[in-house]
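Fair warning: this is a prediction, and the values are worked out from it, not measured in the lab. Just so we're on the same page: letters track the sequence lines, and every chain starts at 1. Just so it is clear, the values below take in all heavy atoms, side chains as well, and ignore hydrogens, waters and symmetry mates.
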There are 2 protein chains.
Amino acid sequence: MSKNISEHLKKNGIKPSLQRTKIYEYLIENKNHPTVDQIYNDLVKDIPTLSKTTVYNTFNLFMEKNIITIITIEENETRYDADTTFHGHFKCDECGEVYDFDIDDIQINKDILKDFQINERHLYFKGKCKDCLKK
Amino acid sequence: MSKNISEHLKKNGIKPSLQRTKIYEYLIENKNHPTVDQIYNDLVKDIPTLSKTTVYNTFNLFMEKNIITIITIEENETRYDADTTFHGHFKCDECGEVYDFDIDDIQINKDILKDFQINERHLYFKGKCKDCLKK
DNA sequence: AATATTAATTGTAATCATTACAAATTTAAA
DNA sequence: TTTAAATTTGTAATGATTACAATTAATATT
């Protein structure tokens, strides 16, 4: 697994250091789109010398190399996604959990965006998840 | 015009003070979704005593009363929208302008969000606008 | 292998948007 | 008019992110 990650980073022009590999692996294994804080707090157990700056630097590098996308739902917390294909996110107001969902199709009125170049598309919903509704 | 705004605020349980009225009016007339800074800098010419805190307080109040929605495209700048009907936003990476566009339909795979309660839907694109592409 | 060069990581301080809070002002009620 | 309640304001605090310089690790050169 870790071998695959190294390869994937290399293929995208990223030298696979320990920190980079672990951070990318964490994102792959935790598909709930953790915040930088969560990632740092978990990974520092593994890599005691880890700095939060490194986490930020690494994500900025991953972004430049287009192997992750940014998820901006709340103003004050950035999350990241290792799945760069187009899909939607649902964030529960109650528990804070972020869920992925598939988008089949979006039909928009093209009049306004005619001759615009669209590079990124983001769709997210907010509300209450099934588990929180039960309570 | 200003009369209508007062009425609209009252109808939604908001006492229409000078500041609130001007801020709401500004949002109605500037459909490009200005940031708090832009709004403050423009309105302070009109209301010299205006405080940026008031702008923030007012938007938070408007949000509670559901007469505006928040637009979170970039992590570090919150924008607001007086049009609370569902529509999309396009932000140009080059000039920073935010455009509205109409959404006809969105089809998603409902499996994951079955039994979820969806309260808000947000769709935004990023790229280059027509004007910036010409250059 | 030893040294020089370059790249990556780290810690601390700075930045900047937003909020907390208490004082001052304005509005409404008695 | 006096009193109470609501609104606005300015300043300080917060918290996420970035700038930057120093340290450490990796790579290239002799």
Side-chain angles (χ1 to χ4, degrees), chain A residues 5-6 9-10 12-27 33-65 67-80 91 96 98, chain B residues 5-6 9-10 12-27 33-65 67-80 91 96 98:
Chain A
I5 287 170
S6 279
L9 294 182
K10 267 190 224 161
N12 286 278
I14 298 163
K15 204 178 298 176
S17 69
L18 174 69
Q19 288 85 341
R20 290 168 177 175
T21 310
K22 288 281 186 187
I23 289 170
Y24 190 74
E25 186 181 33
Y26 188 92
L27 209 55
H33 311 306
T35 62
V36 168
D37 246 48
Q38 293 173 289
I39 296 166
Y40 170 77
N41 287 324
D42 275 359
L43 285 184
V44 78
K45 296 169 195 160
D46 239 350
I47 314 171
T49 63
L50 185 65
S51 158
K52 209 179 276 186
T53 301
T54 300
V55 181
Y56 280 108
N57 288 343
T58 302
F59 279 132
N60 286 335
L61 176 67
F62 287 175
M63 293 269 295
E64 277 169 37
K65 300 298 187 180
I67 66 165
I68 64 171
T69 55
I70 199 166
I71 304 176
T72 312
I73 297 180
E74 306 297 338
E75 329 76 65
N76 58 337
E77 56 168 37
T78 302
R79 293 161 183 269
Y80 299 93
K91 180 175 180 186
V98 176
Chain B
I5 286 169
S6 279
L9 294 182
K10 266 189 226 160
N12 286 279
I14 298 163
K15 204 178 296 175
S17 70
L18 174 69
Q19 287 84 342
R20 289 168 178 176
T21 310
K22 288 282 187 189
I23 290 170
Y24 191 74
E25 187 181 34
Y26 189 92
L27 208 55
H33 312 307
T35 61
V36 167
D37 245 49
Q38 292 173 290
I39 296 167
Y40 170 78
N41 287 325
D42 275 0
L43 285 184
V44 78
K45 296 169 194 159
D46 238 349
I47 313 171
T49 62
L50 185 66
S51 157
K52 209 179 275 186
T53 301
T54 301
V55 181
Y56 279 108
N57 288 343
T58 303
F59 280 132
N60 286 336
L61 177 66
F62 288 174
M63 292 268 295
E64 276 169 38
K65 301 297 186 180
I67 66 166
I68 64 170
T69 55
I70 200 167
I71 305 176
T72 312
I73 297 179
E74 305 296 341
E75 330 76 64
N76 58 337
E77 58 170 33
T78 302
R79 294 161 183 269
Y80 299 93
K91 179 171 181 189
V98 176

Are [X] and [Y] packed together at the side-chain level, in the sense that at least one heavy-atom pair is separated by less than 4.5 angstrom?
X       : Y       : result
A/Asn12 : A/Phe62 : no
A/Arg79 : A/Val98 : yes
A/Arg20 : A/Lys15 : yes
B/Ile70 : B/Thr72 : yes

Starting at [atom1] of [X] and ending at [atom2] of [N], how long is that distance when rounded to a whole Å?
X       : N      : atom1 : atom2 : value
B/Asn76 : D/dT14 : CG    : C1'   : 17 Å
A/Ile71 : D/dA16 : CD1   : P     : 18 Å
A/Gln38 : D/dA16 : CD    : P     : 11 Å
A/Met63 : D/dT17 : CE    : C1'   : 13 Å

Between B/Glu77 (side chain only) and B/Glu74 (backbone N and O only), is there a donor and an acceptor less than 3.5 Å apart?
no
Under a 3.5 Å distance rule, please check whether A/Thr21 uses its side chain to pair with a backbone N or O of A/Ser17 as donor and acceptor.
yes
Walking along DNA chain C from 5' to 3', note the first and the last nucleotide with an atom under 4.0 Å from a heavy atom of chain A, and give both.
C/dA7 to C/dT12
Separation of B/Asn76 CG from A/Asn76 CG (nearest 0.5 Å)
12.0 Å
Please work out which residues in residues 45-61 of chain A have a non-hydrogen atom less than 4.0 Å from an atom of DNA chain C and list them by number.
A/Thr49, A/Leu50, A/Ser51, A/Thr53, A/Thr54, A/Asn57
Would you mind listing every salt bridge (Lys or Arg N to Asp or Glu O under 4.0 Å) that reaches into residues 35-44 of chain B, with sequence neighbours excluded?
B/Asp37-B/Lys52, B/Asp42-B/Lys45
Axis bend over the full length of the helix from C/dA1-D/dT30 to C/dA30-D/dT1, computed from five pairs that close each end, to 10 degrees
10°
Can you run down the ring pair (Phe, Tyr, Trp, His ring centres under 6.0 Å) pairs that involve residues 36-61 of chain B, sequence neighbours left out, and say none if there aren't any?
B/Phe59-B/Tyr80
Enclosure of A/Lys91 NZ (heavy-atom neighbours >12, cutoff 6.0 Å):
yes
Residues at least two apart in sequence or cross-chain that pass salt bridge (charged side-chain N to carboxylate O under 4.0 Å, His left out) with B/Lys65, listed by chain then number, are none
What nucleic acid atoms does B/Thr35 come within less than 4.0 Å of, heavy atoms only: base, sugar-phosphate, or nothing?
nothing
Both B/Arg20 and B/Tyr40 contact DNA chain D. Taking the nearest nucleotide for each, which residue is further toward the 5' end?
B/Arg20
